[in-house]
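Both counts, for ligands and for their atoms, begin at 1 and track the order of listing. All values below were derived from every heavy atom in this structure, side-chain atoms included, with hydrogens, water molecules and symmetry-related copies excluded. Numbers here simply count residues along the sequence, with the first being 1. Quick caveat: nothing in here was measured; it's all calculated off a predicted structure.
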Amino acid sequence: MPKELKVFTRAEVAKHTSEDDCWIIIDSEVYDVTTFADMHPGGAQLLIEYGGKDVTDDFYGLHRQEVIVKYAPRLKIGTIENESPKIAIPKPGDLSKVPYAEPSYWMGFKSPYFNESHTKFRQALRELYADVKPEALISEELNKAPTLELYKFLGEEGVLASQIGPGPWLKGLKLPGGIKPENFDYFHEMIAHEETARVGTPGFVDGISSGYSIGLPPVFNFGPPHLKERVVPEVLLGRKRICLAITEPYTGSDVAKIRTTAKLTPDGKHFIVNGVKKWITNGTFSDYFSVAVRTEKGITMLFIERQEGLETKGIKTSYSSAAGTSYITFENVKVPVENILGKEGQGFQVIMYNFNHERWYICCSIIASTRMIIEECMKWANQRKVFGKRLIDQPVIRAKIGAMISSLEPVQNWLENITYQMCNMPYLEQSQKLAGPIALLKYQATRVAHNVSDDACQIFGGRGITKTGMGRSIESFQRTYKFAAILGGSEEIMSDLGVRQAMKYFPKNARL
Ligand SMILES: Cc1cc2nc3c(=O)[nH]c(=O)nc-3n(C[C@H](O)[C@H](O)[C@H](O)COP(=O)(O)OP(=O)(O)OC[C@H]3O[C@@H](n4cnc5c(N)ncnc54)[C@H](O)[C@@H]3O)c2cc1C
Ligand code: HEM
């Protein structure tokens, strides 16, 4: 039963100052911390020294708001007479009101791209992820893979389906916010990636989104009908997990050099696969694998089910093992020839077909994560007092935040422009025109993340490199933003590809 709250005067609260009877005021609300003091992670004595006082500023200088949200039901005993709280405690699922914390359309600016259905979709996902977040935080911390139950929940709610783009595979599926599959566009998908990233647990987030969003497209775009009919619904409803296995210890950027072999059996009915794959996201718990192999005719993509001879083991990286990052060994794995994705020897085209979408999706995620870091910096700089002033009152800190915002907004706007092209260009035109811009956007988005991470760490000081407390998200970001700068094509490869693509269209008769 909820406690009955009483009304006190400040003078009454001021009498409760001893270790046997200690009250404090935070934002016009009264907390009895007598029994809590001994358990207080910051120390009992310190809390008692503050007994009877209004500690609002001190509290917010040292604790994230989630601390008071968690402890209020146990410790709050009343409110201060004729006063009401001044600090907003957002409800789970609320959009942020902090400037630049949301893309501009959601902060009241006009946009040619978005409509009511995008707002409904974002709201539904934000609320849904508010329920998932507690589990995400625990899994991230304990290196635990997302459970199959969670996958099934995300599948049934249409969250998985909303991260692989519009297409016939959405037919008949429920989507968040009640969006009809035929009205679903790449802006909805962009929002899906942004909201997933906002959960703020990078390893876990890759655990619930990275494997299938790159592993399933080769099946629905190039798979034979028998595989499409069975595998696509199983994965989209969260009953089975799939990943994409291209990279090997010998070769990453240079995909054409892969060494995993697939030899045809004498009866021509099966391939026998041998080789190793490295860093395969979601591999530790996947049932299915879209795998690049080398046959007599060249690079070929195969759909392979978990079976004897296929072993996966975890690889520890800078983020949580919740992502299921794996090393895979194939030892005489038998695969029916009907499991070729696309045509034998044409696997390189299948891989390239996937890349634009994968890189665009990485841009959506890293830009949203960077925006969250800016929000954290704005809040922290507003509440942390040093040398008797808020950090935000220091010109040097304002200059850092100014640099962050003014570097993020252009990449968000470029992302939205490219997303508009994806909504309006047929596939062939997209592959001719968008590979370069997407690669350059990815390059710039991860350069921005790098600079924002660096400045954010400085603004948070020691807390920016501490895993718990106020700087938790900053620490996690500075440890993990590099994933986006390497996966799906590293920065060096992205800028090079962008310029090479541009030079393809350079007019032969142009001169300085
Ligand atoms: C956590 C994690 C998850 C991953 N998930 C997957 C997955 O699910 N599936 C999958 O198939 N792969 C996955 N990868 C592999 C990833 O795609 C590769 O790491 C990436 O392509 C780079 O390859 P590499 O690490 O072998 O670097 P290399 O190719 O060895 O390159 C090393 C460095 O040299 C630079 N470089 C390379 N060539 C050039 C050049 N021509 N000019 C200038 N600089 C160059 C690169 O930019 C890079 O920084 C994952 C990797 C990690 C770390
Ligand atoms: C309702 C009242 C309070 C509750 C529920 C509370 C709870 C907590 C919790 C959970 C932590 C650990 C935070 C983390 O590492 O994430 C913490 C740390 C701390 N608390 Fe409190 N606290 C309260 C009031 C206060 C007050 C009034 C002070 C003194 C101004 C204080 C000073 C500290 C300090 C110094 C730390 C350590 C911070 C750090 O490691 O940087 N707390 N508190």
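Atom 39 (C) of ligand 1 has as its closest protein heavy atom Ile493 CD1, 3.6 Å. With hydrogens left out, the protein atom closest to atom 21 (O) of ligand 1 is Gly252 C, 3.8 Å, a heavy atom. Of all protein heavy atoms, the one closest to atom 13 (C) of ligand 1 is Trp279 O, 3.3 Å. For atom 2 (C) of ligand 2, the nearest protein heavy atom (residue, atom name, distance) is Ile24 CD1, 3.7 Å. Taking atom 37 (C) of ligand 1 as the reference point, the nearest protein heavy-atom neighbour is Ser253 OG, 3.7 Å. Taking atom 46 (C) of ligand 1 as the reference point, the nearest protein heavy-atom neighbour is Ser490 OG, 3.3 Å. If you check which protein heavy atom lies closest to atom 49 (O) of ligand 1, you get Glu492 OE1, 3.6 Å. In terms of protein heavy-atom proximity, atom 9 (N) of ligand 1 is nearest to Leu244 O, 2.8 Å. Of the protein's non-hydrogen atoms, the one nearest atom 4 (C) of ligand 2 is Phe36 CE2, 3.5 Å. Scanning all protein heavy atoms for the shortest distance to atom 16 (O) of ligand 2 gives Gly469 CA, 3.3 Å.
Ser210 and Asn282 make their closest contact through C-OD1, 4.1 Å (heavy atoms, listed as atom of the first residue, atom of the second, distance).
Annotation for Glu331: atom CD does not count as buried by contact number, only 12 or fewer foreign heavy atoms lying within 6.0 Å. Atom CD of Gln65 sits in a crowded spot, with more than 12 heavy atoms from other residues, nucleotides or ligands closer than 6.0 Å. The number of heavy-atom neighbours closer than 6.0 Å to OH of Tyr50, taken from other residues, nucleotides and ligands shown, is 12 or below. When the shell of 6.0 Å around CD of Glu19 is examined, it contains 12 or fewer heavy atoms from other residues, nucleotides or ligands.
One side chain, Glu189 or His357, offers a donor N or O that lies under 3.5 Å from an acceptor on the other. A side-chain N or O of Tyr288 and one of Glu234 form a donor-acceptor pair less than 3.5 Å apart.
For ligand 1, the atoms closer than 4.0 angstrom to any heavy atom of Phe483 are 1 (C). Interface atoms of ligand 1 facing Leu487, defined by a heavy-atom separation under 4.0 Å, are 2 (C), 3 (C), 4 (C), 50 (C), 51 (C), 52 (C), 53 (C). Residue Ile280 has at least one heavy-atom neighbour below 4.0 Å for each of these atoms of ligand 1: 7 (C), 8 (O), 9 (N), 10 (C), 11 (O). For ligand 2 and Arg463, the ligand atoms under 4.0 Å from any heavy atom of the residue are 41 (O). Close approach of ligand 1 to Ile246 (heavy-atom distance below 4.0 Å) involves ligand atoms 10 (C), 11 (O). Listed by number with element, the atoms of ligand 2 under 4.0 angstrom from any heavy atom of Asp58 are 30 (C).
Using cut-offs of 30° and 60° on the angle between ring planes, the pair Phe220 and Trp169 is parallel. Using bins of under 30°, 30° to 60° and over 60° for the plane-to-plane angle, the ring pair Phe483/Tyr319 lands in the parallel bin. In this structure, His16 and Trp23 have parallel ring planes: the angle between them is below the 30° cut-off, well short of the 60° mark. Aromatic ring orientation, Phe59 versus His63: parallel (interplanar angle below 30°, classes split at 30° and 60°).
For atom 33 (C) of ligand 1, no protein heavy-atom neighbour is found at a distance under 4.0 Å. There is no protein heavy atom less than 4.0 angstrom from atom 13 (C) of ligand 2. For atom 30 (O) of ligand 1, the nearest protein heavy atom is 4.0 Å or more away. Atom 23 (C) of ligand 2 lies below 4.0 Å from at least one non-hydrogen atom of the protein.
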>> Determine whether Glu248 and Arg259 satisfy the following criterion, salt bridge (charged side-chain N to carboxylate O under 4.0 Å, His left out), listing intermediate values before the conclusion.
In response: CA-CA 8 Å; Glu248 300 180 354; Arg259 294 192 201 167; 5.7 Å; no
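When the heavy-atom distances from atom 3 (C) of ligand 1 to Ile351, Ile486, Ile258, Thr281 are ranked, the shortest goes to Thr281.
Taking the centre and axis of the six-membered ring of Tyr129, the NZ or CZ atom of Arg198 falls outside the cone set by 45° and 6.0 Å. A cation-pi arrangement is absent between Arg463 and Phe460 under the rule of less than 6.0 angstrom and at most 45 degrees off the ring axis.
Residue Asp27 holds its CG atom at 7.5 Å from CD1 of Ile89, rounded to the nearest 0.5 Å. One distance of note links NZ of Lys76 with NZ of Lys6; it measures 15.0 Å at 0.5 Å rounding.
Heavy atoms of Thr247 found under 4.0 angstrom from ligand 1 belong to the backbone as well as the side chain.
Taking 2.8 Å as the limit, the number of protein N, O or S atoms around atom 21 (Fe) of ligand 2 is 2.
A heavy-atom distance below 4.5 Å is found between the side chains of Gln307 and Val333.
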